[in-house]
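Notes follow once the structure below has been shown.
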Amino acid sequence: MQIIKSRDMGFCFGVRRAVDMMLEASADGHRVTTLGQVVHNPQVVSDLERVGIVVNERRTTEGVSTDTVAITAHGVSESTVETIEERGFGVIDTTCQFVKRSQLAAMHLAEAGFTIIIFGDPDHPEVKGVVGWCRGRGITIPDESLEGLPAYLPSKVGVISQTTHTPERFAKFVANLMEARIDQITELRVVNVLCNATTSQQAATRDLAQEVDLMIVVGGHNSANTCHLADLSKANGVDTHQVERVSEIEDDWFKGHEKVGVTAGASTPDSSIDAVVTRIEAIAAAQA
Ligand code: SF4
């Protein structure tokens, strides 16, 4: 059994930067509370907790007892930034530059009088944060079917996407919107805020899916970009399993497979990928 690793997988620069900034602050003696999980990966979160970094799952400053708060790579709403300033916390702002670009696009569209439609998961922290930059003019729609879109839209509509969506899905979303509401929209402004790091990982996974007959996707079950990689692999007809921990791997998955691909989401640390590859190598050796 041959194991082929994706040419682009694991920590993106945004996540690596966020984790490094928090570890540095902790090493400098700051007591830090992160507003939400740094990334959607339990191993990374527990590594940070081990050096004393506290996670406030509520993603607000409510109940925070440290002097310093950290904004995660997913960013926060404009009002949360204001509250942090008003309450005088020290801030480590690790908002990823792609997320910042999305927040600013939302704010500029709102200031120009556009209603902003965000193609994304309404429960995802990045999307919740971006909605908080829309000045009350944001609508979140989770998928291309446009379910949940109000019956009537204002004439000026801006469209942005959750940064980790695939370009194909975003293009389809915009096309469906125009087809459904061309009679209501007189001005449409589409801002492409997709993240280069995830589109590159998606392309690498798609290419790998052409080569292998089994794909193991490593990353948090609550990580949107990791789940997209698993969906892409399945869409290419490849038998696919997503695992967060090495203990989830079952020997039977590998029976009858000759080429196994390994890919991982942008929030997956190298240690998780290495552990999974080592386990698959052991299974391959046992089956030889
Ligand atoms: S996946 Fe993209 S948007 Fe998210 S933190 Fe990484 S680089 Fe930034």
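Both counts, for ligands and for their atoms, begin at 1 and track the order of listing. Both backbone and side-chain heavy atoms feed into the values below; hydrogens, waters and symmetry mates do not.
Side chain of Arg101 to backbone of Leu194: a donor-acceptor contact under 3.5 angstrom is found. Using a distance-only test at 3.5 Å, with no hydrogens or angles considered, no donor-acceptor pair links the side chain of Glu244 to the main chain of Pro42. Side-chain N or O atoms of Thr33 include none that pairs as donor or acceptor with a backbone N or O of Val54 at under 3.5 Å. Without hydrogens or angle criteria, Glu144 side chain to Asn176 main chain gives no donor-acceptor distance under 3.5 Å.
Put simply, atom 2 (Fe) of ligand 1 has protein non-hydrogen atoms near it, under 4.0 Å away.
With respect to the salt-bridge test (charged N to carboxylate O, under 4.0 angstrom), the residues Arg7 and Asp207 qualify.
Taking every heavy atom of Phe98 and a limit of under 4.0 angstrom, the matching atoms of ligand 1 come to 3 (S), 7 (S). Near Cys96, the atoms of ligand 1 lying under 4.0 angstrom from a non-hydrogen atom of the residue are 3 (S), 5 (S), 7 (S), 8 (Fe). Of all atoms in ligand 1, listed by their number and element, those nearer than 4.0 Å to a heavy atom of Thr198 are 1 (S).
The option with the heavy atom closest to atom 7 (S) of ligand 1, from among Ala266, Cys195, Gly265, is Cys195.
Looking at atom 6 (Fe) of ligand 1, its nearest protein heavy atom turns out to be Cys12 SG, 2.2 Å.
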